[in-house]
Amino acid sequence: MTGPAAWPPAPIKTERLVLRASEARDRDAFVELFSSPEVGTYIGGSQSREEVDRTAPEVPGRRHGVFVVELDGEMIGMISFDVVDEGRELGYLFLPSSWGKGFAYEACVAALDWYAATHPDELLTSCTQVANTASMRLLAKLGFTEGEHFEAYGAEQCHWRQ
Ligand SMILES: CC(C)(COP(=O)(O)OP(=O)(O)OC[C@H]1O[C@@H](n2cnc3c(N)ncnc32)[C@H](O)[C@@H]1OP(=O)(O)O)[C@@H](O)C(=O)NCCC(=O)NCCS
């Protein structure tokens, strides 16, 4: 089941959200996501809207393991399962207007169910700045185990594994 053949899955519905592969109509939301200084606070910053708009592909995020998270027909964030040395790494970025309402948790629970069913033998990790309280809390709530802390990019980072 693992690999490109398993992608994209049929859209996944949760109580309030839909998780699906990226489409051309999501481009503006991707540009907003990657040019938002708030979103960039703990991930190395953001680029100007003009720069992101100039360099973004026609359909950003169209690759295996990237889910667009949709609320009422509009993209509010994305979840990714990118390949790293030891397996795959969970990532998530949501637009600030959607924060604090349990959307990231709700979407990640559904995405993790998909991952467990389609990548049963692949280790899943995540990494976040310790100062990123929301992200640290989210990983703990999702059942990840906190691992070693280390310095990178001038900040204290934390490694998590499922
Ligand atoms: C991290 C992020 C996805 C969380 O999204 P969210 O939709 O606000 O998260 P949820 O509402 O599902 O909350 C999950 C948990 O985190 C807690 N939380 C959310 N924001 C918080 C904050 N600012 N401070 C402390 N806890 C916070 C919630 O209370 C909840 O825990 P609880 O149920 O015990 O109360 C969002 O803040 C984001 O996109 N940040 C920018 C991108 C980023 O840093 N991504 C992580 C890169 S490693």
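Indexing begins at 1, ligand by ligand and atom by atom, following the structure's order.
- For atom 32 (P) of ligand 1, a protein non-hydrogen atom is found at a distance below 4.0 Å.
- A chain of hydrophobic side-chain contacts below 4.5 Å, direct or via other Ile, Leu, Val, Met, Phe, Trp or Tyr residues, connects Leu90 to Leu17.
- The 12-atom threshold is exceeded at CD of Glu51, counting heavy atoms of other residues, nucleotides or ligands nearer than 6.0 Å.
- Inter-residue side-chain proximity for Leu124 and Phe144 is flagged as met; some heavy-atom pair is nearer than 4.5 Å.
- Distances between N or O atoms of Lys141 and those of ligand 1 include at least one value under 3.5 Å.
- Judged by distance alone, the side chains of Thr14 and Glu106 do bring a donor and an acceptor atom under 3.5 Å apart.
- Backbone and side-chain nitrogen or oxygen atoms of Ile43 are examined, and none is located within less than 3.5 angstrom of a nitrogen or oxygen of ligand 1.
- Across the listed options Val69, Asn132, Leu138, Asn132 owns the non-hydrogen atom lying nearest to atom 43 (C) of ligand 1.
- Around atom CZ of Phe150, more than 12 heavy atoms belonging to other residues, nucleotides or ligands sit under 6.0 Å away.
- Looking only at protein heavy atoms, the nearest one to atom 11 (O) of ligand 1 is Gly102 N, 2.7 Å.
- Of the protein's non-hydrogen atoms, the one nearest atom 39 (O) of ligand 1 is Phe94 N, 2.8 Å.
- The protein heavy atom nearest to atom 5 (O) of ligand 1 is Ala104 CB, 3.2 Å.
- Contact analysis leaves Cys108 out of contact with ligand 1, as no non-hydrogen atom separation drops below 4.0 angstrom.
- Under the 4.0 Å criterion applied to side-chain N and carboxylate O atoms, Asp72 and Arg16 are not assigned as salt-bridge partners.
- Residues Leu112 and Gln162 form a side-chain contact, since some pair of their non-hydrogen atoms from C-beta on lies under 4.5 Å apart.
- Those atoms of ligand 1 that come under 4.0 Å of a heavy atom in Lys101, given as number and element, are 11 (O).
- Between the side chain of Arg25 and the backbone N or O of Met75 there is no donor-acceptor pair closer than 3.5 Å.
- Any N or O atom pair closer than 3.5 Å counts here, and Val39 shares no such pair with ligand 1.
- An N or O contact shorter than 3.5 Å is missing between Cys127 and ligand 1 by distance.
- A donor-acceptor contact shorter than 3.5 Å is absent between the side chain of Glu146 and the backbone of Trp160.
- Atom 40 (N) of ligand 1 has its nearest heavy-atom neighbour, among Trp99, Tyr42, Phe103, Trp160, in Trp99.
- If you check which protein heavy atom lies closest to atom 27 (C) of ligand 1, you get Ala134 CA, 3.7 Å.
- Inside a 4.0 Å radius of atom 35 (O) of ligand 1 there is not any protein heavy atom.
- For atom 8 (O) of ligand 1, the nearest non-hydrogen atom of the protein is Gly100 N, 2.7 Å.
- If you look at Phe67 and Trp7, their ring centroids are closer than 6.0 Å.
- In this structure, atom 25 (C) of ligand 1 has protein heavy atoms in its sub-4.0 angstrom surroundings.
- Considering Ser135, Gly77, Ala131 only, the shortest heavy-atom separation from atom 1 (C) of ligand 1 involves Ser135.
- Here Thr41 has no heavy atoms under 4.0 Å from ligand 1, in either its backbone or its side chain.
- A 4.5 Å side-chain heavy-atom check between Arg20 and Ile12 finds every atom pair outside the cut-off.
- Not one N or O on the side chain of Arg88 forms a donor-acceptor pair closer than 3.5 Å with the backbone of Tyr115.
- Here the side chains of Glu23 and Val68 are not in contact, with every heavy-atom distance at 4.5 Å or above.
- Ranking protein heavy atoms by distance to atom 12 (O) of ligand 1, first place goes to Tyr105 N, 2.9 Å.
- Shown here, atom 48 (S) of ligand 1 is in close reach of the protein: a heavy atom of it lies under 4.0 Å off.
- Summary of contacts: the protein heavy atom closest to atom 16 (O) of ligand 1 is Arg137 CG, 3.2 Å.
- Interatomic distance, Asn132 CG to Leu138 CG, rounded to the nearest 0.5 Å: 9.5 Å.
- Considering backbone and side-chain N/O of Leu93, none are found under 3.5 Å from N/O of ligand 1.
- Taking a 4.0 Å cut-off on heavy atoms, Tyr92 registers as neighbouring ligand 1.
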